[in-house]
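Taking it in order: structure first as structure tokens, then the write-up.
Because the structure is a prediction, the values reported are computed rather than measured.
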Amino acid sequence: MENFVFMGVFVGLGFLFRHLKAFPVQTAQALNMIALYLALPAIILLKAPQLSLTKEMMVPVFIAWTMLIFSALLVYLLGKRFKWSRETIAVLMLVVPIGNTSFMGVPMVNAFFGEQGLPFLIVYDQFGTMLIFAGFGSVILALHESEGTVNPMRIIRQAVTFPPTIALAVGLSLRFWPYPEMVVRLLEKMGSMMTPLVMTAIGFQLQIRMNPKNLQPLCFGLAIKLMVAPLAALLLCSLLGLQSLGVDVSIFEAGMPPMVTAGALAIAAGIAPELAAALVSLGMALSFATLPLLYWIC
């Protein structure tokens, strides 16, 4: 698993860079922004023309939304059962159902499934994760702000102006016009930056802090996100008789750690910030063990 080893090297470099004064505290954010505005759109532009409205391509969308309902319901029931605070339930509702399916997903899927798995990842991420984040995530945040109102136009604007979404629209519109060879090579070069950028950023911001009072919701939240949800997706697909590469990638994507952006928004909104930070950081660290295990199970 050569690619997986390479990812570990970049994570280690990022962790090292965090302890060097030459790198400012905004280094991880800068790396993530380059990945968001350059590397990820390049990958989507390359792979979007390969997307087609087949039954197999609908599986990632089905799994993404089903796991949203499953995870959110499970978090709510556990919260009521253990009498967690309103803020604890809110941060778990925001962070647990929304996975890091692009930044973490692209290098992981590429490492385990190869480039043939990326079209299914794009569908899962764009028509699943990003719509869930823009819609469900915005509603959760709005309901826990002081005014408690939801702005639909703001949600729509955020969704349609997201760089990967724009790249998807452009890529789909050009699916019948092959790219010139020079454009393909340029997009491949930009897309190849994804793993070094993202994994270095992950290593740079990897910082585990656990407050004992958050231990129970933290353990339950990560258990749902990293193992329970993907195993539920696996069971569902087995019951429905679904077997394909798209199914395997979708189950794998369902086990991605919590989205960094979702955690950052929870922190910015003051919704259980310590728990949000722990969910993201510890989730990323544990995923290097749980994702290979999930791949083996699938």
Side-chain angles (χ1 to χ4, degrees), residues 2-44 91 94-95 98-111 121 125 129-130 133 137 141 158 161-167 186-211 218 222 225-226 256-289 291:
E2 188 177 87
N3 289 336
F4 191 69
V5 174
F6 288 162
M7 288 191 298
V9 170
F10 286 117
V11 170
L13 287 174
F15 187 79
L16 173 64
F17 294 160
R18 182 160 62 91
H19 294 85
L20 299 180
K21 294 182 178 180
F23 292 88
V25 294
Q26 300 87 359
T27 296
Q29 181 181 359
L31 294 175
N32 283 327
M33 292 302 287
I34 296 172
L36 176 64
Y37 280 85
L38 187 64
L40 182 56
I43 292 173
I44 293 175
V91 74
L94 176 63
V95 177
I98 306 176
N100 201 343
T101 55
S102 55
F103 281 8
M104 192 80 171
V106 170
M108 283 293 186
V109 169
N110 196 31
L121 175 147
D125 181 66
T129 301
M130 296 319 303
F133 179 61
L141 281 172
Q158 288 176 337
T161 58
F162 196 60
T165 304
I166 296 173
L186 177 61
L187 292 174
E188 288 176 343
K189 292 294 184 183
M190 291 191 296
S192 67
M193 299 166 57
M194 186 71 177
T195 297
L197 287 170
V198 172
M199 290 299 145
T200 303
I202 286 175
F204 195 91
Q205 58 193 350
L206 197 59
Q207 190 170 359
I208 311 300
R209 294 178 180 174
M210 286 195 294
N211 190 319
L218 175 66
L222 290 180
K225 187 71 199 77
L226 298 177
M256 288 295 158
M259 179 192 282
V260 175
T261 307
L265 288 178
I267 294 171
I271 307 175
E274 289 185 359
L275 179 56
L279 284 165
V280 172
S281 296
L282 188 57
M284 287 190 297
L286 290 176
S287 69
F288 282 93
L291 287 173

Q | Which atom of Phe288 lies closest to which atom of Val11, heavy atoms considered | A | CZ-CG2, 3.6 Å
Q. Does the ring centre of His19 sit less than 6.0 Å away from the ring centre of Phe23?
A. no
**Q.** Leu291 vs Met256, side chain to side chain contact (heavy atoms under 4.5 Å, CB included): CA-CA, chis, key distance, verdict
**A.** CA-CA 7 Å; Leu291 287 173; Met256 288 295 158; 3.9 Å; yes
Q: Look up atom CG in Asn100 and atom CE in Met108, then write down how far apart they are to the nearest 0.5 Å.
A: 10.0 Å
**Q.** Leu94 to Ile98 - nearest heavy-atom pair and separation
**A.** O-CD1, 3.3 Å
Q: Check Lys225 against Gly99 and note the closest heavy-atom contact, atom names and distance.
A: CE-CA, 3.5 Å
Q: Identify the two heavy atoms, one from Gly283 and one from Leu222, that lie closest to each other, and give their separation to 0.1 Å.
A: CA-CD2, 3.7 Å
Q.
On a heavy-atom basis, which atom in Pro257 and which in Met284 lie closest, and how many Å separate them?
A. CB-N, 3.8 Å
Q.
Is there a side-chain contact between Leu121 and Val106 in this structure, where contact means two heavy atoms from C-beta onward sitting under 4.5 Å apart?
A. yes
**Q.** Distance, nearest 0.5 Å, that separates CD of Glu188 from CG of Leu186
**A.** 9.5 Å
Do any side-chain atoms of residues 35-43 form donor-acceptor pairs under 3.5 angstrom with protein atoms, and if so which ones, sequence neighbours left out?
none

Q: Decide yes or no for Thr200 and Phe17: does some side-chain heavy atom of the first lie under 4.5 Å from some side-chain heavy atom of the second?
A: yes
Q. For the atom pair CG (Leu218) and CD (Glu274), what is the distance rounded to the nearest 0.5 Å?
A. 11.5 Å
Q.
To check you understand the geometry: which heavy-atom pair defines the closest contact between Val91 and Ala276, and what is its length?
A. CG2-CB, 3.6 Å
